[in-house]
Amino acid sequence: RFVKDQAIAISGLGAHTGHMRMMAATGMDVDVSVASIAGNLVAHLFVAQATMVSTLKRLVEGASGIPLAEQKLILGTKVLDDHRCLSAVGCRPGEPVRITLVRQRRRWALSGDSGGTVCLWDLEAGMCVQQLASASAAPIRAVAPDWAASLALCAGGDTLRLWDLVRGACLREIKTDAQLRCVAMCWPSRLALAGSTDRSLRMWNLANGRCVQELKGHEGAVTCVDAAWSDFRAVSGSEDGTLRLWDLESGACIWIRRAHTTIRDVALDWRSLAVASAGVGPQGDDGEPPSAGSLAEAATGSSAAGGTDSSDVGSGAVRCWRLGASDDDAHPCALTRQLASRGGRGVLRLAADISSKVAVSAVCGESTMYLLDLEGGAMLRELKTDSDVQCVAMSWTSRLALAGGVDGALELFDLSSGACLQELCGGHMFSVTCAIVS
């Protein structure tokens, strides 16, 4: 409902057009064409002179799916006031009226919590506009929205749920054989790749709810996954400490690399053949306060040697890896950069823009997010939050960072200034476990 094809909107009017034209023939109604700035027809309506502009917007929403809050209607050079009727702005029966629709796109966020609730947030208004709750109170481990189609896939407990974000309705439930931990979604193909505690990843077809591929090889729960769907490749991380690259078509594991004691998050950039991973391990997860100082470069591996053996050092770190140029590369995954966390603490969450060589991380037990330079190894900025950070989400084009905390609140930051722009409260009663921003 946020965005729909205009052809669908026009065809949706077909069932009513005949009736409306008959009404117009009585001379009582106004012939209104609503078009985009580019001149594309959005809606063709016949309405009474007394129709309020706010009502006209609801009709446009029903025809096109464009929300009321995103509509600005212009007649001539004047923006139409919601509280005025069409006759008051000069619309007369028998005189075709052409109104221009200017869309003011809004920014949205989707988050899940440990109590099983998913919240849709309007970031412009700073409020929760939809709560999605299932009968199960299992923690939500991952959310994957399709903003254009107003859909979201959520992983909680042993179930994948497909939601209609507008109506708040669950469209499909897919029961799996284990507790889910992560999801990567390909919306054009309606394929979901989900990792679980039974040490496997399964690819699900949302159209029929069937498992179409199973990937086995990890020796611990699969905690994170990222996919390059155009090349049908995926990288997963596990509690066994390994990264694995998968061929999604054959289900084969192409290479394995021990990266941390336990892997919590991963980001894949297939175009630049690079992976970033975040690790948690015993070295810094003993509950001791972090030492003073910022994130700093701890090591630089040698790509010629295939990187350092990372099984026993710096598991509380962000690590960058170079992938082989081909599947038979002698060194398919080489360590190129390591950024140790403060005090050696484990890195709980990571959001990376590998092509721009920047990332935002959250460290276990800290109310801070860190903006990192993945190339130079420097900590560029600290973003202080009100509670311990449990998840991070990024809009890299807008330079915005969203942090979910143990107190159930989300905080939106401007990366450029480090300022907290907004606090989102009232949607979650439990710790925020995952989030994504449009």
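Remember, it's a predicted structure, so these values are computed and weren't measured experimentally.
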About how many Å separate [atom2] of [Y] and [atom1] of [X], when rounded to the nearest 0.5 Å?
| X | Y | atom1 | atom2 | result |
| --- | --- | --- | --- | --- |
| Glu249 | Arg233 | CD | CZ | 8.5 Å |
| Gln130 | Trp163 | CD | CH2 | 9.0 Å |
| Thr433 | Arg141 | OG1 | CZ | 7.0 Å |
| Cys91 | Leu56 | SG | CG | 8.5 Å |

I need the minimum non-hydrogen distance between [X] and [Y], along with the two atoms involved.
| X | Y | answer |
| --- | --- | --- |
| Asp146 | Arg190 | OD2-NH1, 4.2 Å |
| Ser238 | His218 | CB-ND1, 3.2 Å |
| Leu339 | Gly377 | CD2-CA, 3.2 Å |
| Leu248 | Gln213 | O-NE2, 3.5 Å |

For a side-chain contact (heavy atoms from CB on, under 4.5 Å) with [X], tell me which candidate from [options] qualifies.
| X | options | result |
| --- | --- | --- |
| Leu372 | Val318, Leu380, Val360, Val358 | Val318 |
| Leu193 | Asp226, Val225, Val183, Val222 | Val225 |
| Ser236 | Leu245, Leu215, Leu201, Leu243 | Leu201 |

For atom [atom1] of [X], is the number of surrounding heavy atoms from other residues, nucleotides or ligands below 6.0 Å larger than 12?
| X | atom1 | value |
| --- | --- | --- |
| Arg271 | CZ | no |
| Glu375 | CD | no |
| Arg84 | CZ | no |

Any Lys/Arg nitrogen of [X] or [Y] sitting under 4.0 Å from an Asp/Glu carboxylate oxygen of the other?
| X | Y | value |
| --- | --- | --- |
| Asp164 | Arg167 | yes |
| Asp158 | Lys175 | yes |
| Asp82 | Lys57 | yes |
| Arg181 | Glu239 | yes |

(message) Taking the side chain as everything from C-beta on, heavy atoms only, tell me whether Gln49 gets closer than 4.5 Å to Leu86.
(response)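 In short, these two side chains do not touch, never coming nearer than 4.5 Å.
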
(message) Using 30° and 60° as the class boundaries, would you call the ring planes of Phe46 and His44 parallel, tilted or perpendicular?
(response)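 Aromatic pair Phe46/His44 classed tilted.
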
(request) Test Ser277 against every option in His260, Arg264, Arg319 by the side chain to side chain donor-acceptor pair (under 3.5 Å) rule and name the one that passes. (result)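 Of all the options given, the one that passes is His260.
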
(message) For a quick check under 3.5 Å, do Asp113 and Ser111 share a side-chain donor-acceptor pair by atom type?
(response)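 No, no side-chain donor-acceptor contact under 3.5 Å.
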
(message) Run the side-chain hydrogen bond (donor to acceptor under 3.5 Å, both in side chains) test on Arg202 and Ser200 for me, step by step, so that the C-alpha distance in whole Å, both residues' side-chain angles and the decisive distance to 0.1 Å come before the verdict.
(response) CA-CA 7 Å; Arg202 292 180 178 87; Ser200 69; 3.0 Å; yes

(request) Before giving the answer on side-chain hydrogen bond (donor to acceptor under 3.5 Å, both in side chains), spell out for Arg107 and Ser398 the whole-Å C-alpha distance, their side-chain angles and the decisive distance to 0.1 Å. (result) CA-CA 10 Å; Arg107 192 176 302 280; Ser398 301; 2.9 Å; yes

